[in-house]
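Taking it in order: structure first as structure tokens, then the write-up.
Please read all numbers here as calculations on a predicted model, not as lab measurements.
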Amino acid sequence: MKFYRRSRPASRSLTGTSGQALQGAPDVTHLIQPTSRNEATQMLVNGSRHDRFVVSRRRTGFGDCLWSLAAAWRYAQRTGRTLAIDWRGSCYLDQPLINAFPVFFEPVQDIAGVPVICDDQISQVSFPGPFFPSWWNKPTIDCVYRPDEQIFRERDELDQLFQSRADSDAKTVVCDACLMWRCDQDAERQIFRSLKPRSEIQARIDAIHHEHFEGHSIIGVHVRHGNGEDIMEHTPYWADPELALQQVCTAIHKAKALPHQRPVRVFLCTDSALVLDKLSGIFPDLFTIPKRFQEPQAGPLHSAALGAEGGFSALLEMYLLGRCDTVIRFPPTSAFTRYARLFAPRIMEFDLNDPTRLILIEEASEELAAS
């Protein structure tokens with residue numbers, strides 16, 4: 001794609017998307033509570049001293065969103081910038097102008113000393129230029145559609161910036177790419193400690209934990225199937241679907257055979273009704289959280305077709321997996337189980353270099369701060 005030099009805009013409200021259309025989902029307007037702008041937003045609109053920003057823009061599943069946010073936060077912390085969380089166009093909502101962050105998480109004003117803008121007023125904020133990566137210095141109308149090649153290019157540019165430990169001369173650094181593996185684990189843990197699901201979601205997590213987890217040693221099993229989507233780096237694990245399910249069953253049997261302090265229960269999280277049906281037939285004591293699945297081969301659960309309901313179900317499973325005694329990750333390339341990988345005391349996963357090799361990882365559990 002040919003680029004042309006243009007004059008830099010003084011400021012911009014970042015409205016560009018990847019060009020992917022959002023489809024129908026339940027109305028979530030009632031989920032947005034009218035709130036006054038937080039202090040950081042007020043100072044920004046009034047032209048205060050906070051004039052350097054990192055904008056974390058993601059529209060993908062929560063695993064990717066939170067991991068990429070951790071990378072953006074770490075850079076904001078290191079360079080003394082304000083962090084803006086912009087999840088408009090989320091795959092969990094059908095209203096592209098709504099910032100999904102306050103729909104699913106409690107508002108925050110700072111994360112470990114880094115000022116944060118995260119409410120639904122983000123569309124009214126104008127960020128100052130110049131911008132990094134340079135794509136965002138183009139006129140807004142030219143930024144509306146970004147081809148995949150451009151997104152991958154920006155990911156690599158951001159990675160180089162973060163790895164260099166240098167600061168950018170740009171007033172606003174836009175992180176609108178998958179930034180998994182672009183930060184240290186302490187940054188990821190800081191994000192998970194600092195962000196809390198909305199109170200009604202947290203109450204549901206606690207209720208399920210009390211009803212199904214207490215008094216048992218829970219083996220959490222996450223099986224990312226894809227259900228017809230392009231699963232990219234997960235593909236080697238599903239080259240032989242029958243073998244893949246056999247591997248999951250083998251892992252469950254091995255996990256059950258490990259020492260446990262309490263009676264064992266198996267908790268399954270998956271995006272495929274087929275996987276649920278197969279594993280339930282083999283492990284009749286297995287339990288799941290009731291949820292709505294897509295039709296076979298219709299694509300992933302993080303879809304606007306399921307709307308906010310799909311997002312709520314995802315957070316329930318993500319946070320409950322992190323409270324299991326043992327977690328089986330299949331495949332381990334799925335960012336959805338990153339929270340569990342960081343906080344569960346025992347992990348079983350298949351080797352990235354040899355998808356047939358099962359690895360047991362035992363670490364001291366690191367508790368999250370009390371809600």
Side-chain angles (χ1 to χ4, degrees), residues 28 31 33 61-63 66 92 101-108 188-224 248 251-252 255-271 273 275-276 279-280 283-293 301-302 306-330 334 336-348 362-371:
V28 298
L31 298 173
Q33 301 298 322
F62 285 125
L66 293 168
Y92 294 113
F101 182 87
V103 176
F104 299 104
F105 290 91
E106 295 290 344
V108 291
E188 296 177 71
R189 289 190 171 98
Q190 184 64 65
I191 289 299
F192 281 118
R193 287 194 190 96
S194 301
L195 303 185
K196 305 297 181 185
R198 284 177 62 116
S199 58
E200 58 269 35
I201 300 174
Q202 186 62 54
R204 180 63 177 146
I205 293 170
D206 293 339
I208 295 172
H209 185 272
H210 175 73
E211 180 179 357
H212 296 286
F213 283 48
E214 289 183 0
H216 295 85
S217 290
I218 303 297
I219 298 172
V221 182
H222 177 248
V223 181
R224 173 69 184 277
V248 173
I252 294 174
K256 283 188 167 187
L258 294 171
H260 297 281
Q261 296 181 349
R262 298 178 297 273
V264 173
R265 297 196 72 188
V266 179
F267 168 49
L268 174 65
C269 304
T270 183
D271 57 350
V275 170
L276 173 59
L279 294 183
S280 297
F283 301 97
D285 57 340
L286 174 150
F287 74 97
T288 64
I289 300 172
K291 65 184 177 188
R292 204 155 56 101
F293 286 98
L301 289 182
H302 45 277
L306 298 178
E309 175 189 338
F312 298 148
S313 294
L315 285 180
L316 291 179
E317 293 188 342
M318 175 184 285
Y319 280 86
L320 284 168
L321 280 170
R323 297 170 76 169
C324 292
D325 301 280
T326 303
V327 174
I328 297 169
R329 307 173 69 209
F330 189 90
S334 175
F336 185 80
T337 50
R338 189 60 182 174
Y339 171 79
R341 174 64 182 84
L342 292 172
F343 292 99
R346 187 156 61 188
I347 301 292
M348 297 182 74
E362 295 189 274
E363 299 175 354
S365 177
E366 183 161 350
E367 298 293 335
L368 286 171
S371 300

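Under the side-chain hydrogen bond (donor to acceptor under 3.5 Å, both in side chains) criterion, Arg323 pairs with Asp206, not counting sequence neighbours. Applying the ring pair (Phe, Tyr, Trp, His ring centres under 6.0 Å) test to His209 and every residue at least two apart in sequence or in another chain returns Phe213. Judged as a side-chain hydrogen bond (donor to acceptor under 3.5 Å, both in side chains), and not counting sequence neighbours, the contacts of Arg329 are Thr337, Glu349. Among residues two or more places apart in sequence or in another chain, the side-chain hydrogen bond (donor to acceptor under 3.5 Å, both in side chains) test is passed with Glu214 by His210. By the side-chain hydrogen bond (donor to acceptor under 3.5 Å, both in side chains) test, Ser194 pairs with Gln190, sequence neighbours left out. Here His212 pairs with Ile208, Arg265, Phe287 under the side chain to side chain contact (heavy atoms under 4.5 Å, CB included) rule; sequence neighbours left out.
By the 30° and 60° cut-offs, the orientation of the rings of Phe101 relative to Phe105 is parallel.
In this structure a side-chain-to-backbone donor-acceptor pair under 3.5 Å is missing from Asp271 to Arg224. In terms of modelled atom types and a separation under 3.5 Å, the side chain of Thr270 and the main chain of Leu276 share no donor-acceptor contact. With Ser334 contributing its side chain and Phe330 its backbone, the two residues share no donor-acceptor pair below 3.5 Å. In this structure, the side chain of Glu106 engages the main chain of Ser199 through a donor-acceptor pair within 3.5 Å.
Considering only heavy atoms from C-beta on, Arg346 comes within 4.5 Å of Leu258 through its side chain. In this structure the side chain of Arg204 never reaches within 4.5 angstrom of the side chain of Leu315, judged on heavy atoms. Contact check for Leu66 versus Tyr339: no side-chain heavy atoms found under the 4.5 Å cut-off. Residues Gln261 and Asp325 are not in side-chain contact: their nearest non-hydrogen atoms beyond the backbone lie 4.5 Å or more apart.
Contact between Arg198 and Pro102 at its shortest, heavy atoms only, is NH1-O, 3.0 Å. Between Pro197 and Ile205, the shortest heavy-atom distance links the atoms CG-CD1, 4.4 Å. The two residues Lys256 and Asp285 come nearest to each other via the heavy atoms NZ-OD2, 3.5 Å. The two residues Gly215 and Pro263 come nearest to each other via the heavy atoms O-CD, 3.6 Å. Here the closest heavy-atom approach between residue Gly220 and residue Cys324 is recorded as CA-SG, 3.7 Å. Residues Ala314 and Phe62 approach most closely at CB-CD1, 3.9 Å, considering heavy atoms.
The CD1 atom of Ile328 sits 10.0 Å away from atom CG of Leu268, with the distance rounded to the nearest 0.5 Å. Taken from NZ in Lys291 to CZ in Phe312, the straight-line distance is 15.5 Å, to the nearest 0.5 Å. Atom CD1 of Ile252 and atom CG of Leu286 lie 6.5 Å apart (nearest 0.5 Å). Going from atom CD1 of Ile347 over to atom CZ of Arg341 covers 6.0 Å, rounded to the nearest 0.5 Å. Of the inter-residue distances, the one linking Leu279 atom CG with Thr288 atom OG1 reads 11.0 Å to the nearest 0.5 angstrom.
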* Test log, rule side-chain contact (heavy atoms from CB on, under 4.5 Å), inputs His222 and Leu321 -> CA-CA 8 Å; His222 177 248; Leu321 280 170; 4.0 Å; yes

* Phe192 vs Tyr319, side-chain contact (heavy atoms from CB on, under 4.5 Å): CA-CA, chis, key distance, verdict -> CA-CA 10 Å; Phe192 281 118; Tyr319 280 86; 4.1 Å; yes

* Check step by step if side-chain contact (heavy atoms from CB on, under 4.5 Å) holds for Glu317 and Phe336. => CA-CA 9 Å; Glu317 293 188 342; Phe336 185 80; 3.9 Å; yes

* Asked: Can you list the steps and then say if Val266 with Phe283 is a side-chain contact (heavy atoms from CB on, under 4.5 Å)?
  -> CA-CA 8 Å; Val266 179; Phe283 301 97; 5.6 Å; no

